[in-house]
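Shown next, in structure tokens, is the structure this report addresses.
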Amino acid sequence: MKGAYGLRMAGIMTARTAELSEGDLREITRLMEAAFGESFEGYWDDIGPALHFMALGTGEVLAHACVVDRELHTQGHQLRTGYVEGVAAWPHQQGRGHSTKVMQAVNEFLVENYQLGGLSTGVNGFYAKLGWETWKGRTYIRMRDDALARTAEEDGTVMILKTKSTPALNTNAPISAEWRPGELW
């Protein structure tokens, strides 16, 4: 993998999207498509600028996750949230701890830099082992006119990571994220 890389955290390389070459992004996209068995065409445009965390092997990315800026609202709080996207490892590398190492570095970054960590997943158990909590309340998307659109299909998939600056939260309360193209949560 070529490109300019930032910090080395817990054996993980980081880079902002703008620092990655088109080839780098294609490699990460191929990794995600192999891991999830679906197309990620247009994904990088949909989620916007990100900080990528990568476990690198000899000439390839073994596992990846990235953090984008979002704002989650709950209980009167507007929380500056590091939202985790694109957590994946190549199928032949799964079960070897690469994604865990990537997420440990992501957690460390979130705790130091955001009021809250957030993500949406279908594998809650993986993240729970790393300190994430399942949000039990109803989920909503804030539309451009500030109206709330119910996202019942996302209930139970949203997880949070508390940080040094997270206020007291009740995970049974409603929570909302701003609208964006592609995957809303």
Side-chain angles (χ1 to χ4, degrees), residues 6-10 12-20 43-55 63-88 99-185:
L7 309 171
R8 179 178 282 279
M9 300 173 66
I12 303 299
M13 297 298 294
T14 64
R16 300 242 173 239
T17 302
E19 297 171 321
L20 295 171
Y43 182 72
W44 305 115
D45 293 330
D46 288 348
I47 69 168
L51 178 62
H52 299 262
F53 293 75
M54 299 161 283
H64 168 271
C66 62
V67 175
V68 298
D69 293 335
R70 293 197 80 183
E71 188 175 87
L72 298 185
H73 293 191
T74 186
Q75 302 150 66
H77 300 289
Q78 298 177 5
L79 301 165
R80 191 173 49 79
T81 303
Y83 201 80
V84 180
E85 297 280 0
V87 181
S99 293
T100 298
K101 287 178 79 173
V102 167
M103 282 305 301
Q104 288 169 335
V106 167
N107 283 5
E108 182 181 322
F109 177 75
L110 294 173
V111 166
E112 295 297 324
N113 294 283
Y114 288 92
Q115 289 179 287
L116 190 68
L119 58 80
S120 179
T121 184
V123 289
N124 298 49
F126 170 75
Y127 298 99
K129 292 178 190 173
L130 297 168
W132 289 75
E133 299 175 53
T134 299
W135 194 269
K136 298 175 190 98
R138 292 179 176 207
T139 58
Y140 296 85
I141 291 296
R142 292 185 313 281
M143 304 308 287
R144 292 182 178 156
D145 64 359
D146 284 332
L148 292 178
R150 182 79 167 94
T151 53
E153 67 281 1
E154 299 298 334
D155 291 358
T157 69
V158 173
M159 298 187 77
I160 63 159
L161 179 72
K162 293 178 181 169
T163 73
K164 296 190 311 186
S165 57
T166 302
L169 297 175
N170 175 355
T171 60
N172 292 309
I175 193 167
S176 68
E178 75 282 3
W179 181 90
R180 65 179 182 178
E183 290 185 24
L184 300 176
W185 279 98

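No donor-acceptor pair under 3.5 Å is formed between the side chain of Glu71 and the backbone N or O of Glu178. Between the Gln75 side chain and the Leu169 main chain, no donor and acceptor come within less than 3.5 Å of each other. Of the possible polar contacts, one joining the Arg142 side chain to the Ser176 backbone as a donor-acceptor pair under 3.5 Å is found. Although no hydrogens or angles enter the test, the distance criterion places a donor-acceptor pair under 3.5 Å between the side chain of Trp135 and the main chain of Ala173.
Side chain to side chain, Asn107 and Trp132 meet the donor-acceptor criterion of an N or O pair below 3.5 Å.
Taking OH of Tyr140 as the reference point, atom CG of Asp155 lies at 8.0 Å (rounded to 0.5 Å). Remark: Tyr43 OH to Glu183 CD distance equals 6.5 Å, nearest 0.5 Å. In this structure, Gln115 CD and Thr81 OG1 are separated by 7.5 Å, a value rounded to the nearest 0.5 Å. Here the CD1 atom belonging to Ile160 is positioned 5.0 Å from the CD atom belonging to Glu133, to the nearest 0.5 angstrom. Note: Thr121 OG1 to Glu154 CD = 10.5 Å, rounded to the nearest 0.5 Å. A distance of 8.5 Å separates CG of Leu119 from CG of Asn124, quoted to the nearest 0.5 Å.
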Residues Trp185, Thr151; criterion side-chain hydrogen bond (donor to acceptor under 3.5 Å, both in side chains); working and verdict: CA-CA 9 Å; Trp185 279 98; Thr151 53; 3.1 Å; yes

From CA spacing to verdict: side chain to side chain contact (heavy atoms under 4.5 Å, CB included), Val84, Met103: CA-CA 9 Å; Val84 180; Met103 282 305 301; 4.0 Å; yes

Dump the intermediate steps for side chain to side chain contact (heavy atoms under 4.5 Å, CB included) on Thr74 and Leu79, then the final yes or no. CA-CA 8 Å; Thr74 186; Leu79 301 165; 4.1 Å; yes

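Contact check for Tyr127 versus Val87: side-chain heavy atoms found under the 4.5 Å cut-off. Side-chain contact check for Pro181 versus Asp45: every heavy-atom pair is 4.5 Å or farther apart. The shortest side-chain heavy-atom distance between Cys66 and Thr17 does not fall under the 4.5 Å cut-off.
Between Leu161 and Gly131, the closest heavy-atom pair is CD1-O, 3.5 Å. Contact record, Met159 with Ala128: CE-N, 3.9 Å, taken as the closest heavy-atom pair. Annotation for Pro49 and Val68: closest pair O-CG1, 3.5 Å, computed over non-hydrogen atoms. Nearest heavy atoms, Leu72 versus Ala177: CD2-CB, 3.4 Å. Shortest non-hydrogen contact noted between Gly156 and Thr134 is O-CG2, 3.6 Å. Minimum heavy-atom separation, His52 to Leu20: CD2-CD1, 3.5 Å.
Within the structure, the salt bridge (Lys or Arg N to Asp or Glu O under 4.0 Å) test picks out the following pairs touching residues 74-88 (sequence neighbours left out): Glu85-Arg180.
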